[in-house]
Number of protein chains: 2
Amino acid sequence: MALGAPDVSVLDHRSEQQKRILAAAVQCFARDGFHGTSMQKICAEASMSPGALYRYFPSKESIIGAIVEGESAERAKLFEFLDQAPSLIDGLTECIAALLSKDSIDCAKLGPEIMAEAIRNEKLREALEPVEEESHVLLRAALVSGMEKGEIDPEIDPDTLVMLLKVMGDGMILHNQLHPQWNLPDRLPAFAILVRRMLAPETKSTAP
Amino acid sequence: MALGAPDVSVLDHRSEQQKRILAAAVQCFARDGFHGTSMQKICAEASMSPGALYRYFPSKESIIGAIVEGESAERAKLFEFLDQAPSLIDGLTECIAALLSKDSIDCAKLGPEIMAEAIRNEKLREALEPVEEESHVLLRAALVSGMEKGEIDPEIDPDTLVMLLKVMGDGMILHNQLHPQWNLPDRLPAFAILVRRMLAPETKSTAP
DNA sequence: GAGGTGAGAATGAATATTCGCTCTCAGCAT
DNA sequence: ATGCTGAGAGCGAATATTCATTCTCACCTC
């Protein structure tokens with residue numbers, strides 16, 4: 001057995017198969033939920049036998065873990081581009097719109113699934129924590145910067161505001177799944193106007 | 001066999017037992033979730049054999065259905081007393097505080113469980129719909145009345161506002177379960193101040 | 001032909017639901 | 001009173017199904 005790096009093509013194949021399994025699992029989980037999805041269903045979706053599948057993931061739980069990790073990493077990345085938007089609130093609106101959009105339909109469907117599961121599943125909750133922390137920090141920085149630019153009233157406590165905005169974001173993800181007929185994405189501009197009113201600096205006697 | 005009404009004590013016993021089973025099931029569901037709870041666990045919690053339990057409910061699903069119906073009916077009732085509060089926003093804050101409070105700990109724990117389940121389970125979603133509709137109407141009426149009283153800017157579209165408030169409410173219920181360490185209930189007064197800013201009528205040159 | 005790869009049957013645990021038996025007790029005939 | 005009877009109530013073992021996981025062996029590529 002050589003001590004050098006193993007054959008690259010072997011690793012390629014492995015990660016290729018893993019990706020295939022994860023994609024199939026995401027489909028299934030989005031359709032039937034974590035509990036409603038059996039390994040057999042994932043196998044069928046991936047056109048793969050259980051024997052083969054278990055060569056790449058040791059358990060169903062590990063598949064869920066891998067997916068959650070990927071999804072939440074992607075979600076945290078959203079906030080990185082907040083400061084490139086013309087205004088902070090426009091940026092936030094875009095973030096939410098992206099989360100609710102059809103593009104990430106599976107991600108959007110998985111959102112509530114993951115949250116609900118994390119309430120009970122300690123492992124999952126711990127895996128989510130650092131990502132939550134990171135997005136909290138990013139969002140907070142964006143808000144403080146917005147305060148310095150005069151877009152947001154600096155009197156408001158930034159941590160409270162971060163919490164309120166996250167509550168609203170998660171609430172929207174949930175509602176969009178639960179009541180799709182209410183067409184929540186269409187209301188986003190109206191929501192943005194209301195949020196702007198909430199955050200705007202008080203216009204007290206600035207006139208000369 | 002007499003044609004008259006059956007013995008009252010018999011009906012009493014039936015509904016008494018049903019209540020006992022439902023109480024046990026709520027305990028279990030709040031602790032382990034719908035999927036993590038087996039009929040055996042409910043039986044143990046209710047100190048009852050499966051044979052006896054199945055005499056009162058035909059299936060696990062029917063137990064879940066009965067609980068959801070009860071919980072959501074109770075939840076809708078909350079909004080009925082909105083107009084008795086000193087101000088609308090105080091009233092809303094109280095509603096949320098009640099939902100998150102330890103008093104209704106089981107109800108609060110069940111909230112996210114029910115929402116997550118309703119995303120997949122069509123039966124459940126349909127059972128929830130009329131209650132959602134009712135609370136939408138109640139909340140909307142309260143908001144319109146708040147507009148007439150000058151507490152809320154009448155320029156705001158009431159339906160959009162109802163949606164935003166419900167999104168926030170559900171988001172808070174979810175977050176309170178998911179991140180209890182953030183002590184969301186302590187932030188409610190701060191949230192109320194922000195919401196007040198959002199809804200207050202614009203103070204445009206009212207001075208002479 | 002040897003080692004990695006995969007197919008698919010087999011396994012064993014968990015779980016919702018059913019079944020057959022017993023127990024209790026009210027009503028009634030003796 | 002006493003014992004009979006039948007129906008509702010309860011028990012818990014049995015059943016049938018589902019599911020995650022493992023095993024065995026064939027295949028394919030080097």
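Every chain is numbered from 1 and lettered A, B, ... according to where its sequence line falls, protein lines coming before strand lines.
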Could you tell me how far apart B:Met39 (CE) and D:dG12 (P) are, to the nearest whole angstrom? 17 Å
Between C:dG6 and A:Gln17, is there an OP1 or OP2 to side-chain N/O distance shorter than 4.0 Å? yes
Using a heavy-atom cut-off of 4.0 Å across all strands, would you classify B:Phe57 as base, sugar-phosphate, or nothing? nothing
Can you find a donor-acceptor N/O pair under 3.5 angstrom joining the side chain of B:Arg55 to the base of D:dG10? yes
Just call it for B:Pro50: base, sugar-phosphate, or nothing, with non-hydrogen atoms closer than 4.0 Å on any strand. base
Name the nucleic acid region contacted by A:Glu61, choosing base, sugar-phosphate or nothing; use a 4.0 angstrom heavy-atom cut-off, strictly under. nothing
Please give, in whole Å, the distance from D:dG8 C1' to B:His13 NE2? 10 Å
As an exercise, state the distance from CZ of A:Phe29 to NZ of A:Lys60, rounded to the nearest 0.5 Å. 6.0 Å
Once you measure the plane-to-plane angle for B:His175 and B:Trp182, does it fall in the parallel (<30°), tilted (30-60°) or perpendicular (>60°) bin? tilted
Pairing donors with acceptors under 3.5 angstrom, does anything connect the side chains of A:Gln40 and A:Glu45? no
Return no unless some side-chain N or O of B:Tyr54 is found under 4.0 Å from OP1 or OP2 of D:dG10. no
For D:dG10 and B:Tyr56 - does any side-chain N or O of the residue sit under 4.0 Å from the phosphate oxygens OP1/OP2? yes
Looking only at heavy atoms, the pair that brings A:Ala66 and A:Phe57 closest together is CB-CE2, 4.2 Å
